[in-house]
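Single-structure report; data block below.
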Number of protein chains: 2
Amino acid sequence: MRSQGNEGGLAQAVVRRLNLLRPLSESAVAALERAISEGLFRAGPGEDLVAEGDPIDSVRVVLSGWLFRHKTLEDGRRQIVNFILPGETCDAHAYLLPAIDHSISTATSVAYAEIKRPHFETLMASERTLAEAFMCETVLNNAIQREWTINLGRRAALEKVAHLFCEIYERLRPVGHADGNSCSFPVTQMDLADATGLSVVHLNRTVQELRAAGLIILRERTLTIPDLDALKSAALFSPGYLQLYRQSKGPSPQ
Amino acid sequence: MRSQGNEGGLAQAVVRRLNLLRPLSESAVAALERAISEGLFRAGPGEDLVAEGDPIDSVRVVLSGWLFRHKTLEDGRRQIVNFILPGETCDAHAYLLPAIDHSISTATSVAYAEIKRPHFETLMASERTLAEAFMCETVLNNAIQREWTINLGRRAALEKVAHLFCEIYERLRPVGHADGNSCSFPVTQMDLADATGLSVVHLNRTVQELRAAGLIILRERTLTIPDLDALKSAALFSPGYLQLYRQSKGPSPQ
DNA sequence: CGGGTCTTTGACATTCCTCAACTCACGTGG
DNA sequence: CCACGTGAGTTGAGGAATGTCAAAGACCCG
């Protein structure tokens with residue numbers, strides 16, 4: 001199910017992504033890979049890794065699999081506020097807060113590395129490029145969260161869903177998790193509804209509308225985008241906010 | 001209109017706020033106040049300070065007045081993604097991005113300090129507590145943005161508006177910008193609509209509903225909340241995400 | 001006094017939600 | 001091998017929340 005190799009292979013998405021955010025020195029890569037290999041963990045699908053209100057004392061880096069951040073209102077209404085994709089970090093600087101404001105759960109089975117706060121801080125102090133890369137990631141998260149804000153506030157249902165597909169695809173691609181015009185999309189329609197602020201029923205109809213328009217093919221947990229420009233256009237997708245990846249245009253990784 | 005004093009008075013909100021995020025050393029406060037006094041600027045209401053796509057080469061700290069961050073879709077639909085209140089920063093670390101993903105405009109006349117990137121980085125390197133405080137601010141911004149995400153995605157109109165009122169009030173209070181159960185609220189209903197993702201007409205009706213329920217008094221750019229708990233309850237407001245201010249429970253400022 | 005912006009109101013249209021049921025695939029235990 | 005249960009996806013019908021259009025007040029300022 002999960003394409004996994006040795007530890008170096010597992011860390012690949014992380015290194016590749018951070019490297020796009022900020023070029024890493026060789027020693028930074030080595031130190032990061034060592035830290036990752038020392039704190040490997042796995043979790044099954046549907047597990048709650050972090051609950052709202054928890055104090056955070058470590059940094060988690062996702063090696064493979066999907067997670068999502070979510071918040072729930074008293075009466076049960078739930079909002080997925082973001083996904084965490086392979087190579088991404090469960091908030092590098094969240095430990096600065098006395099407690100976390102949201103929950104994190106796994107969507108699929110997941111492999112991740114956990115770096116304890118003291119170790120992480122030592123790492124940041126000794127590897128300047130690594131510290132900058134993680135800073136960039138936090139700033140980028142902020143930009144993504146703003147885009148979600150306008151997505152939920154001002155886009156129509158069809159645009160919301162199309163936009164989410166565009167964003168996920170564009171986030172997966174630079175770390176090598178897109179295959180041509182397809183990518184993994186291991187999320188139920190209920191989760192999609194909670195991510196777009198729609199009801200499950202309306203989300204289902206919206207997805208069907210996108211299918212009927214030939215904009216997406218979504219089946220067996222795989223998303224295929226026959227015409228990315230068309231989908232972006234339907235979504236009013238403008239990739240500026242993901243621009244930290246801009247440098248990826250140059251030397252194609254691998 | 002604006003209660004303003006000397007420069008030390010102007011910097012007060014900034015120092016107070018950062019100090020709540022992370023206790024500042026005396027030398028940090030002194031260095032910060034010096035940096036602020038060296039780069040004072042003013043802007044009138046309705047000015048665009050930063051446009052989407054601009055490269056950022058300085059950090060701006062708001063001494064008085066309101067600004068807001070916003071993004072606009074191709075067809076003109078606009079979303080205010082956050083407000084920037086006195087004492088807050090226009091993204092301490094935004095210069096890490098090649099270009100900014102959103103625009104920043106003034107809602108009122110504004111006094112702010114601009115610290116050039118090299119100066120700011122020197123400051124961060126020499127004053128550890130200051131660097132940590134600004135880091136906290138960035139992380140807190142992230143948490144606030146997530147709360148806006150659920151606000152727009154899952155709350156009903158009345159709850160959205162009530163929630164915004166609660167949040168703004170709770171953000172103004174710790175820096176001394178609330179007066180009893182009132183605070184300044186210098187924002188048009190059009191802006192409020194764009195912040196809550198509603199149409200102006202529906203926003204207007206929602207505000208009137210809140211008025212009729214006795215939950216708010218809003219006139220002459222001033223918001224009064226007769227019963228904060230009642231408003232919070234109507235908003236399903238849970239202050240956890242603003243928790244960095246938790247320490248403010250101790251020594252009440254001023 | 002006139003023009004602008006902001007707020008308010010009414011009537012109507014539309015999007016999206018809710019409820020309820022049915023299908024389909026899959027796995028489990030009898 | 002089949003009955004059953006469960007979770008996900010789908011469909012229909014009706015209703016509630018919110019948007020759009022249009023116009024009228026309210027207020028401010030030159």
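Residue numbers begin at 1 in each chain, while the letters A, B, ... track the order of the sequences.
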Taken in chain and number order and not counting sequence neighbours, the residues that satisfy side-chain contact (heavy atoms from CB on, under 4.5 Å) with A:Thr106 are A:Ala43, A:Glu47, A:Leu49, A:Leu67, A:Val110
For B:Phe185, check ring pair (Phe, Tyr, Trp, His ring centres under 6.0 Å) against everything at least two apart and list the hits. B:Trp66, B:Phe165
Close N or O pairs between protein and nucleotides 9-14 of chain D (under 3.5 Å):
from, atom 1, to, atom 2, distance (Å)
D:dG9, OP1, A:Arg221, NH2, 3.0
D:dG9, OP2, A:Gln189, N, 2.7
D:dT10, OP1, A:Arg211, NH1, 3.2
D:dT10, OP2, A:Gln189, NE2, 2.9
D:dT10, OP2, A:Asn204, ND2, 2.6
D:dT10, O5', A:Asn204, ND2, 3.3
D:dT11, OP2, A:Gln208, OE1, 2.3
D:dT11, OP2, A:Gln208, NE2, 3.0
D:dG12, N7, A:Arg205, NH2, 2.4

Could you tell me the separation between the NE2 atom of A:His202 and the P atom of D:dA16, rounded to a whole number of Å? 18 Å
Length of the CZ-P vector between B:Arg77 and D:dT18, whole Å: 18 Å
Using a heavy-atom cut-off of 4.0 Å across all strands, would you classify A:Gly46 as base, sugar-phosphate, or nothing? nothing
Report the distance from atom CD of B:Glu220 to atom C1' of D:dC27, rounded to the nearest whole Å. 12 Å
Rounded to the nearest angstrom, tell me the gap between atom CG in A:Leu198 and atom P in D:dT18. 14 Å
B:His163 and its side-chain contact (heavy atoms from CB on, under 4.5 Å) partner, picked from B:Asn151, B:Leu236, B:Ile168: B:Asn151
Decide, yes or no, whether a salt bridge links B:Glu147 with A:Lys71 under the criterion of side-chain N to carboxylate O below 4.0 Å. yes
If a pair satisfies side chain to side chain donor-acceptor pair (under 3.5 Å) and one of its residues is in residues 181-193 of chain A, list it, with sequence neighbours excluded. A:Arg78-A:Asp191, A:Ser182-A:Thr224, A:Thr188-A:Asp191, A:Gln189-A:Asn204
Partners of B:Asp229 by salt bridge (charged side-chain N to carboxylate O under 4.0 Å, His left out), sequence neighbours excluded? none
Please report the end-to-end axis angle for the helix from C:dC1-D:dG30 to C:dG30-D:dC1, five pairs per end, rounded to 10 degrees. 30°
More than 12 heavy atoms of other groups within 6.0 Å of B:Asp179 CG: no
